[in-house]
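The analysis underlying the following values was restricted to heavy atoms, covering all of them including side chains, and did not include hydrogens, waters or symmetry mates. Residue numbers start from 1 in every chain, and the chains themselves are labelled A, B, ... in the order their sequence lines are given, proteins ahead of strands.
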There are 2 protein chains.
Amino acid sequence: MGNPMYRQIAEELREQIESGILKPGQQLRTEIELRERYGASRNTVRDAIKWLTTLGLVETRPGQGTFVVKKIDPFITTLSADPTTGLGGGEGAIYLSQVSDQDREAFYSEPQVEIQKAPFEVSSRLRVPEGTQVISRHQRRYIDDTPWSLQTSFYPRGFVAQGAERLIEAGDITEGTMTYLAATLGLQQTSYQDWIKVRAPDPTEANFFNLPQDGRVGVFEIFRTAFDQTGRPMRLTVSVFPTDRNQFIVNAGEVPDLKEGGASKKT
Amino acid sequence: MGNPMYRQIAEELREQIESGILKPGQQLRTEIELRERYGASRNTVRDAIKWLTTLGLVETRPGQGTFVVKKIDPFITTLSADPTTGLGGGEGAIYLSQVSDQDREAFYSEPQVEIQKAPFEVSSRLRVPEGTQVISRHQRRYIDDTPWSLQTSFYPRGFVAQGAERLIEAGDITEGTMTYLAATLGLQQTSYQDWIKVRAPDPTEANFFNLPQDGRVGVFEIFRTAFDQTGRPMRLTVSVFPTDRNQFIVNAGEVPDLKEGGASKKT
DNA sequence: GCAAATTTGTTCGTATGTATT
DNA sequence: CAATACATACGAACAAATTTG
């Protein structure tokens, strides 16, 4: 084989990991031991480990060693509308019930409210001129103490003057902002669109989610544009979820109750 | 700052890339030039470049140099059902029309048909015992000569004996398999569920999509389970899309015609 | 609480191999 | 074939983080 040595070492370790000889969470031999084992220099062994690291198979911890990564039991979020409530997944009250379906507990921070100028990605989706002032409400969300998502909702600035004053107050709107906007402005959410991308996390996100700094774990970025009864955008919600611990479901039509239909635990 | 030198060099280059001083496709200075520019050793410069590589900002080509990566103009696929046809995105005939909406041309390979034993991920979703034989129909799909997705559909083995013989023939079923199954077996697709994950590509996928071997560009893996009028799974389609060139849309309710609603070119 | 031992992280230097122009 | 540019590999030294005694 014409493969470089560091790849051969990596390959051998990869097989041990995938065959289960090395179990998740288990420590690999130290660089010095591997150096002797393979008759390579320490730098070459380090190249092999670095390769496995970008493959996401192992992680190194300074002063401790190299460990096989544990996969996180994923969180499942349903994006399509619940036919009965008309609400989408991850939205207001509904997300708690989804989470508790999975026997997990969710928490979210108090919203952090700001008035800011809309960048292009926001203005184009809310259909306001770029640079227009918008209200942003930002939250950090956790499940079982694991950082789960960062979510920011944007509303047209004019909503406040029209009577929805609590939008710019920092407190939680317990009945849900959609209910509140219906009560104050008569706006009904009749439809929405989710736009799903995957990109590398920015440093803030990597820090919040405890992702490796080198960006090899991506994040879902979901833009949810909600439309009122006149067909105008009334809210844009941008949510960010790490791809290593989140999966999404979209139902179309009356999907039969699955419970045991999806992939449950493997092990 | 207490940052290591290779990170400082990487940071300086990153800023030049993101500010546009270094444009997509442009060549960076060579390692030797950077070594002199920053007063570091060649290995340290290489560490900086390696860092930018795993961030996905640059790519190196042996014998040529290091280049700022060009972003691919993304393909957009709608996952939610079209209220009129009842068909979902990326499915049968509809995907061509979606693609041509974006002024692009799509091609797909002849299906490659096999009978195989269902692995867990397939059997659990089709609700057949693990190891049961199933029919798999596999296709490679392209847009404008760019590899776009790999798609495999699984059907219960029994469908053939019940009369749907063309399922095991290698040729294309031009009218669409769903129409064919309706005609032969009386099965109607009344609903479906999409389950969306992101994972690292396997070597076959990395090769087909021309992704870097080190797995830092992930792939969407979408499991579409289609249900018939009795609520039983009739087909499982597993599609794989690289995250660097694909985005997805999910509509709920009657979403107004957008055309200019989404994010168009930035630049 | 501190010091020693262990382990990974950073940086240098050097030599040679491989791919492209 | 030669020149250029990145890839692999070795050796060495010191720094930083963590655990252990």
Please give, in whole Å, the distance from [N] [atom2] to [X] [atom1]?
X: B/Arg61; N: D/dC6; atom1: CZ; atom2: P; answer: 11 Å
X: A/Glu31; N: D/dA12; atom1: CD; atom2: P; answer: 16 Å
X: B/Leu28; N: D/dT4; atom1: CG; atom2: C1'; answer: 17 Å
X: B/Arg29; N: D/dA5; atom1: CZ; atom2: P; answer: 14 Å
X: B/Asn3; N: D/dA15; atom1: CG; atom2: P; answer: 18 Å

Check every nucleotide of DNA chain C for an atom under 4.0 Å from a heavy-atom of chain A, then give the first and the last such nucleotide from 5' to 3'.
->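 In short, chain A contacts DNA chain C from C/dT7 to C/dT10.
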
Set of residues satisfying salt bridge (charged side-chain N to carboxylate O under 4.0 Å, His left out) with respect to A/Arg245, sequence neighbours excluded | none

Scan residues 35-59 of chain A against DNA chain C and write down, sorted by residue number, each residue with any heavy atom closer than 4.0 Å; if none is found, say none.
-> A/Arg42, A/Arg46

Are B/Thr66 and D/dA5 close enough that a side-chain N or O sits under 4.0 Å from OP1 or OP2?
->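 No, B/Thr66 has no side-chain N/O under 4.0 Å of OP1/OP2 on D/dA5.
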
Test: A/Arg37 and A/Glu33 ion pair at under 4.0 Å | no

Inspect the contact between B/Glu121 and B/Arg125 and indicate whether a charged nitrogen and a carboxylate oxygen are less than 4.0 angstrom apart.
-> yes

Can you tell if the side chain of B/Arg224 reaches within under 4.5 Å of the side chain of B/Leu79, non-hydrogen atoms only?
->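 When only atoms from C-beta onward are counted, B/Leu79 and B/Arg224 do touch, with a gap below 4.5 Å.
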
Side-chain contact test, heavy atoms from C-beta onward, threshold under 4.5 Å: evaluate it for B/Pro212 versus B/Val217 and give yes or no.
-> yes

Would you check if the side chain of B/Glu205 reaches a backbone N or O of B/Leu211 as a donor-acceptor pair within less than 3.5 Å?
->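 Absent.
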
Give a yes or no on whether the backbone of B/Glu169 and the side-chain of B/Arg137 come within a donor-acceptor separation of less than 3.5 Å.
->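 Yes, the answer is positive, given that a donor and an acceptor are paired below the 3.5 Å cut-off.
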
Could you pick out which residue, A/Gly63 or B/Arg7, lies toward the 5' side of DNA chain C when each is mapped onto its nearest nucleotide?
-> A/Gly63

Name of the residue among A/Gln8, A/Arg14, A/Arg7 meeting side-chain hydrogen bond (donor to acceptor under 3.5 Å, both in side chains) with A/Glu11 =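 Answer to the side-chain hydrogen bond (donor to acceptor under 3.5 Å, both in side chains) test with A/Glu11 among A/Gln8, A/Arg14, A/Arg7: A/Arg14.
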
